[in-house]
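Only this structure's heavy atoms are used, side chains among them; waters, hydrogens and symmetry mates stay out.
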Amino acid sequence: MLLLIHPKTGKSLEINEYWLRDHCRCGECLNTETNQRRLDLFELPSDVKASQHNWETRTGEEDHLVVLWSDGHRSTYTSSFIFDSQLEELISRRSKSTSLTPWNRSIVLQNERHLRFSLPQLVASDEEVKLLITALVRYGIVFIDDVAPTPTMTELALRRCFPLMKTFFGEMWTFSDKADHADTAYTQLYLGSHTDNTYFTDAAGLQALHCIEHSGDAQGGENFFVDGLHVVHELKRRFPAEYELLCRVQVPAEYIEKGEHHRHTAPIIRIDPLTGELLQLRLNIYDRAVFDTLSQREMAQFYASLRQLLQIVRDEEQQWQVKLQPGSIVIFDNWRVLHGRNAYTGRRTMSGAYVQRTDFQSKARTLGIIE
C-alpha cells in the first residue's frame with residue numbers, strides 16, 4: 001500500500017499500488033479518444049511497485065502526483081482523480097444525492113406543474129428536454145402535452161428525448177381490447193398497479209403511454225400511478241423484517257405466447273449494494289411464474305410480506321389517478337413507478353413504447369443530471 005497525503009487538505013489515503021498503476025491515464029495506458037483501456041492487465045507485473053512518487057504544484061492547475069514505477073513506466077494523476085475515485089467517496093456522493101423526490105398523491109399533486117411539458121417547446125429547446133429528463137429522474141414520471149393523437153406523433157415526441165427499445169411488441173405499439181398478445185393490458189379489465197417486463201432479464205427503464213382514442217360514450221379507463229420509491233420507504237420503516245425478506249427472496253416471472261417464452265427470477269425489491277437504496281421495484285402479480293424458488297417452510301412468511309407491500313401500494317393516499325386524454329403522453333420510470341388502470345367500456349386505443357434503462361441513464365449522464 002502507498003500512503004498519500006493530500007498536499008492541500010492533509011487528508012491521508014492508503015492506495016493499492018496495483019490499482020494505481022492500472023489507472024494510469026497516459027496515452028499509452030488509456031485511449032484518450034475512446035476512453036477505453038489500452039493496458040493489458042495480464043502483462044502488468046503482479047508485483048509492480050512505486051519506485052518514486054512526489055506531488056507537483058503547477059501554476060493555475062491542481063496538484064499532480066508523479067509516480068515512477070518498478071516496470072519503468074511513469075504516471076501522472078491529478079489529486080482529485082485519486083481522492084474522488086474511492087469507494088467511500090462514491091457512497092458519499094450517492095447517499096447525499098437529492099435528485100430523487102419520493103411522493104404520494106398529496107405530494108405529487110403539489111408538484112404536478114413540474115411534470116408537464118409541451119411538445120412544441122421540447123422540439124424548439126434542448127434546455128426544455130433537459131428539464132424534462134431532470135423531472136423524470138427526480139419524480140419518476142412526466143407528461144408531454146400538445147401531441148397530435150397519432151402513433152406517428154407519439155413516436156416523434158418520444159424520439160426527441162430518447163431512443164426506443166425494441167421488444168417482441170415492436171418499438172412502437174398500439175393496443176386496445178383486441179387480444180393481439182397474451183397480456184391483460186389487451187382487455188377491458190381492471191389492471192392493478194404493477195411494473196412491466198418482470199420476465200425480462202433487463203426490464204425496460206421507461207414506459208410511455210398515449211391515449212390516442214377513447215370513444216365519447218366510454219366509461220372508466222382511468223390510469224393510476226404509485227411511486228415505488230415512497231412505497232418501499234414506507235415498507236422499510238413500518239415492516240423492516242418484511243422489507244428484508246422481499247429484498248432477498250428470488251421470485252420468478254414468466255411470459256408465454258406463441259413463439260415467445262420469457263422467464264426471469266430476481267427479488268421484488270432490488271437494492272443498490274453500495275448504498276442500500278432502491279434500485280428496482282419488480283412487482284407484477286399477473287406475470288408471476290410457478291413459485292418454486294423458495295422452500296415451503298418459508299412460504300407463509302413470504303406471502304405475509306408480499307401482502308404488506310401490496311397493502312401499502314393499494315393505500316388510497318399512494319394512488320395518483322389520472323384520466324389520460326388524447327394529446328398527452330405519460331412517461332414513467334418502470335424501475336420505480338407502478339401503473340394500472342380501471343376497467344372501461346367503449347373503444348379505447350393506446351399507443352406506447354419502452355426505453356432501455358441504460359439509454360435513459362446515458363442521456364441523463366450526458367446532460368449532467370446524474371453521475
Inspect the surroundings of [atom1] in [X] and state if more than 12 heavy atoms from other residues, nucleotides or ligands are less than 6.0 Å away.
| X | atom1 | result |
| --- | --- | --- |
| E61 | CD | yes |
| R307 | CZ | no |
| E28 | CD | no |
| R58 | CZ | yes |
| Q301 | CD | no |

Look at [X] together with [Y] and state whether they make a salt bridge at an N to O cut-off of under 4.0 Å.
| X | Y | value |
| --- | --- | --- |
| D84 | R93 | no |
| E155 | R159 | yes |
| D333 | R138 | no |
| K166 | E171 | no |
| R238 | D315 | no |
| D63 | K8 | yes |
| K130 | E127 | no |
| E89 | K11 | yes |

Treating Ile, Leu, Val, Met, Phe, Trp and Tyr as nodes and any side-chain heavy-atom pair under 4.5 angstrom as an edge, say whether [X] and [Y] lie in one connected cluster.
| X | Y | result |
| --- | --- | --- |
| V142 | V123 | yes |
| Y255 | W335 | no |
| L283 | L279 | no |
| L131 | F162 | yes |
| W19 | L90 | no |

Below 30° counts as parallel, above 60° as perpendicular, anything between as tilted: where do the rings of [X] and [Y] land?
| X | Y | result |
| --- | --- | --- |
| F168 | H262 | parallel |
| W320 | F143 | perpendicular |
| Y286 | H194 | perpendicular |
| H23 | F81 | tilted |

Donor on one side chain, acceptor on other, [X] and [Y], under 3.5 Å:
| X | Y | value |
| --- | --- | --- |
| Y354 | Q356 | no |
| Y139 | N111 | yes |
| T195 | N334 | no |
| S118 | D146 | yes |
| N342 | E222 | yes |
| Q250 | T265 | no |
| Q325 | S328 | no |

**Item:** Flag side-chain contact, heavy atom, 4.5 Å: R38 against C29
**Value:** no
**Message:** Quick one, R160 and V129 - any side-chain contact, counting heavy atoms below 4.5 Å?
**Reply:** yes
**Prompt:** How far does OG of S80 sit from NE2 of H64, to the nearest 0.5 angstrom?
**Reply:** 8.0 Å
**Complete:** Rounded to the nearest 0.5 angstrom, the CG-SG distance for L235 and C247 is 8.0 Å
**Message:** With side chain to side chain contact (heavy atoms under 4.5 Å, CB included) as the test, pick out the partner of I212 among T150, T154, L324.
**Reply:** T154
Which atom pair, heavy atoms only, marks the closest approach of [X] to [Y]?
| X | Y | value |
| --- | --- | --- |
| R282 | A266 | NH1-O, 2.7 Å |
| H230 | W103 | CB-O, 3.2 Å |
| A203 | N197 | CB-O, 3.5 Å |

